[in-house]
Amino acid sequence: MVSERLTRLMSPQTTSGPVVTRFAPSPTGFLHIGGGRTALFNWLFARGRGGKFLLRIEDTDRERSTPEATAAILKGLTWLGLDWDGDVVSQAAGRDRHAEVAHEMLARGTAYKCFSTPEEIAAFRAAQEAAGASYAVFQSPWRDADPASHPQAPYAIRMKAPRLGETIIDDKVQGRVTIRNETLDDMIVLRSDGTPTYMLAVVVDDHDMGVTHVIRGDDHLNNAARQQMVYAAMDWPVPVWAHIPLIHGPDGKKLSKRHGATGVEEYQAMGYPAAGMRNYLTRLGWAHGDMEIFTSAEAMAVFSLEGIGRAPARLDFKKLESTCGHHIAVMDDAALLHELEGYLAAAAKPALTPLQRARLLQAMPVLKERSKNFPELLEKASFALISRPVVAEPKAAESLDTVSRGILKTLTPRLQHASWTKETLEPILNGIAAENGIGFGKLAAPLRAALAGRSVTPSVFDMMLVIGREETIARLDEAAA
RNA sequence: GGCCCGUUCGUCUAUCGGUUAGGACACCAGGUUUUCAACCUGGGAAGAGGGGUUCGACUCCCCUACGGGCUGCCA
């Protein structure tokens, strides 16, 4: 699924050129909801400025990367409606280029060969700890070693990080972040087995792909300082940074499995429409005045990095549902039905029959205004989905007593030739109620039981209109018998 | 441990030195009603704590507390 990586194609970008953003997940599982939001912000920002939104799979960790995970991530993005430009880039496919850059840095003198073994480094740390130091950055003895003293052995390539001064990350979300260089180590960019590390790969890929704005989780904020060393070592322009806070669970702790749904696909299976998810996720950590309910196009028009908050936001299902409810209410009926069928498939529920689909489409106007998610909509649509004989639930059956059944019997003849509109039906039902000396509510209950087999349903008129005269009379006759 | 980031109603947030601190979700009360919703009206609800700076701080600075992140030949 991941195509050949893009080869070097962009000229060095300038900050005034077209916007290029990217989403770069590791394929180690499904698309995390936090990752989905990161992708969303990148998408909104690029699309809102006529720029490009690229997708790169960071699969350099062959141990943990799987093609299934890559497929799951693509599927999640697709469901969310986040379309990317060009081919999906595989980071692993760029090893040679990454190694080439590492050697170039070697040639420039901004990196050096380090012959220290992992064991020696571990020993160094243990010694530091034993000496009472809480922690110390590893200082390779090879940093300034005479090449003549280099042994014939495998070596890693490390950055020659500045020991003095400070590195400043000019971040659009976090502001100016200053990191003292002494806290930065000579990070390894090429392992002793010749493979590149993530720190090198991201920078090379972002540069080669022409990425102008790096919008990612703030767990990378400190990494940005390290990565900036590579840009400097290669004389490459540094992209605009925007480190966004992570999403937390309702309890304020980092979102994890015990909070329930962490994967985007789970939200589809729970029956939330993509447009509602996008709206909710956009507002989670970003705001533009009092703007609450909006389409993605509207969001793109005003989305800015400056509008992103600095504190982690908590997931609130109540608000998610409310937001989705607004979107469901205004969605096009056919589109809604289509997405609902996608939900059915995602939730491994039986597909709709042609008759059910037709009735659902007809009932959509009355159903969509009162549903916050698809399960709820389907619940309200029950009357349209069932087929005769209608089996009344216990609570509904109670309203089908002898008297009520008698009333229903007198009703059907009058429906026989009535024109099938609410305007005609309403006086007929009101008349029946009046003749029997009962309020309309008393008549509605047995009607609900007969038409839907339930005590909670949409309006009786709406149900009659959707299932039609023939089916209405048939259901009433069966219930009255 | 060190370094970095964060902290406004229960939740998401507005405010970018001067406001009765606004909106949304949720909650409570009332209204409407054909059940459930939806809808309408009203209500309670916030600047973590302590120091500064200033005529004036939610807003700027410092400290503390709490939360998060980074600190790997993981990404």
Side-chain angles (χ1 to χ4, degrees), chain A residues 24-28 58-61 63-65 91 114 116-118 121-122 125 129 132-138 154-158 169 171 173-175 177-180 182-185 187-193 195-199 201-202 217-226 243 245-246 248 250 252-254 280 283-293 306-307 309-323 325 329 369-372 376 379-380 395-396 399 429 433 439-445 447-448 452 454-462:
Chain A
S26 304
T28 53
E58 311 234 308
D59 51 359
T60 48
D61 185 346
E63 297 287 296
R64 296 190 296 160
S65 301
Q91 184 161 69
C114 173
S116 296
T117 63
I121 297 169
R125 295 221 165 91
E129 214 166 304
S134 54
Y135 183 83
V137 298
F138 175 66
Y155 58 86
I157 296 182
R158 307 185 90 113
I169 299 299
D171 195 280
V173 174
Q174 309 290 341
V177 178
T178 308
I179 289 124
R180 294 207 317 281
E182 61 192 79
T183 67
L184 266 24
D185 64 345
M187 65 173 181
I188 288 178
V189 289
L190 203 69
R191 302 186 186 97
S192 51
D193 66 358
T195 61
T197 61
Y198 162 77
M199 290 294 179
V202 243
D218 69 4
D219 48 336
H220 286 289
L221 183 55
N222 283 284
N223 289 338
R226 269 175 258 282
H243 290 92
L246 270 17
H248 284 186
K253 301 287 185 190
K254 189 182 172 187
Y280 175 72
R283 269 295 279 106
L284 197 58
W286 173 85
H288 183 71
D290 288 342
M291 209 169 143
E292 293 284 352
I293 302 299
E306 288 74 15
R310 285 159 296 281
R314 307 180 189 202
L315 226 36
D316 180 359
F317 277 82
K318 283 290 176 47
K319 184 147 187 177
L320 201 212
E321 300 213 323
S322 170
T323 302
E369 281 183 34
R370 47 185 74 196
S371 305
K372 294 175 161 61
E376 198 178 315
E379 178 67 23
K380 295 183 191 304
K395 199 139 110 221
S399 55
L429 294 194
F440 185 71
K442 273 272 187 255
L443 173 62
L447 277 171
R448 283 179 222 290
R454 301 187 170 198
S455 54
V456 177
T457 74
S459 147
V460 294
F461 296 109
D462 287 336

Pairwise [atom1] distance for [N] and [M], with rounding to whole Å:
N	M	atom1	value
B:G47	B:G6	C1'	15 Å
B:G43	B:A21	P	16 Å
B:G50	B:C58	C1'	16 Å
B:G22	B:A14	C1'	6 Å
B:A26	B:G69	P	30 Å
B:C70	B:C27	C1'	39 Å
B:C55	B:G23	P	33 Å
B:C63	B:C5	P	12 Å

For [N], the Watson-Crick or wobble counterpart (both distances under 3.5 Å):
N	value
B:G30	B:C40
B:G1	B:U71
B:U7	B:A65

Does [X] reach the main-chain N or O of [Y] with its side chain, forming a donor-acceptor pair under 3.5 Å?
X	Y	value
A:Asp171	A:His243	yes
A:Glu58	A:Tyr198	no
A:Arg158	A:Ile188	no
A:Ser322	A:Lys318	no
A:Tyr280	A:Asp316	yes
A:Arg283	A:Ile293	no

Which is true for [X] with a 4.0 Å heavy-atom rule: it touches a base, it touches only sugar-phosphate, or it touches nothing?
X	value
A:Arg454	nothing
A:Asn223	base
A:Ser116	base
A:Lys395	nothing
A:Thr117	base
A:Met199	base

Nearest listed nucleotide, side chain of A:Ile121, among B:C25, B:A75, B:C73: B:C73

Among B:C70, B:C73, B:C4, the one nearest A:Arg226 by side-chain distance: B:C70

Identify each atom pair where a protein N or O and an N or O of nucleotides 29-35 of chain B are less than 3.5 Å apart, giving names and distance.
from  : atom 1 : to       : atom 2 : distance (Å)
B:U34 : O2     : A:Arg448 : NH1    : 3.4
B:U34 : O2     : A:Arg448 : NH2    : 2.6
B:U34 : O4     : A:Ser459 : OG     : 3.3
B:U35 : N1     : A:Arg448 : NH2    : 3.4
B:U35 : O2     : A:Ser455 : O      : 3.4
B:U35 : O2     : A:Thr457 : N      : 3.0
B:U35 : O2     : A:Thr457 : O      : 3.4
B:U35 : N3     : A:Arg448 : NH1    : 3.2
B:U35 : N3     : A:Thr457 : O      : 2.5
B:U35 : O4     : A:Thr457 : O      : 3.3

salt_bridge(A:Glu379, A:Arg454) N-O dist < 4.0 Å: yes

All ring pair (Phe, Tyr, Trp, His ring centres under 6.0 Å) counterparts of A:His288, not counting sequence neighbours: none

Integer-rounded Å distance: [N] [atom2] and [X] [atom1]:
X	N	atom1	atom2	result
A:Leu184	B:G69	CG	P	20 Å
A:Leu221	B:A75	CG	P	20 Å
A:Lys380	B:A37	NZ	C1'	5 Å

Side-chain-base donor-acceptor pair under 3.5 Å for A:Thr197 and B:C73: no

Annotated protein contacts, base or backbone, on nucleotides 8-16 of chain B with a non-hydrogen cut-off under 4.0 Å, one of B, S, - each: ---SBSS--

Closest-nucleotide 5' rank along RNA chain B - winner of A:Gln174 and A:His248: A:Gln174

Pairwise 5' ranking along RNA chain B for A:Arg191 and A:Val177, keeping only the more 5' one: A:Val177

Over all atoms of both residues, closest heavy-atom pair of A:Ala225 and A:Leu184: CB-CD2, 4.3 Å

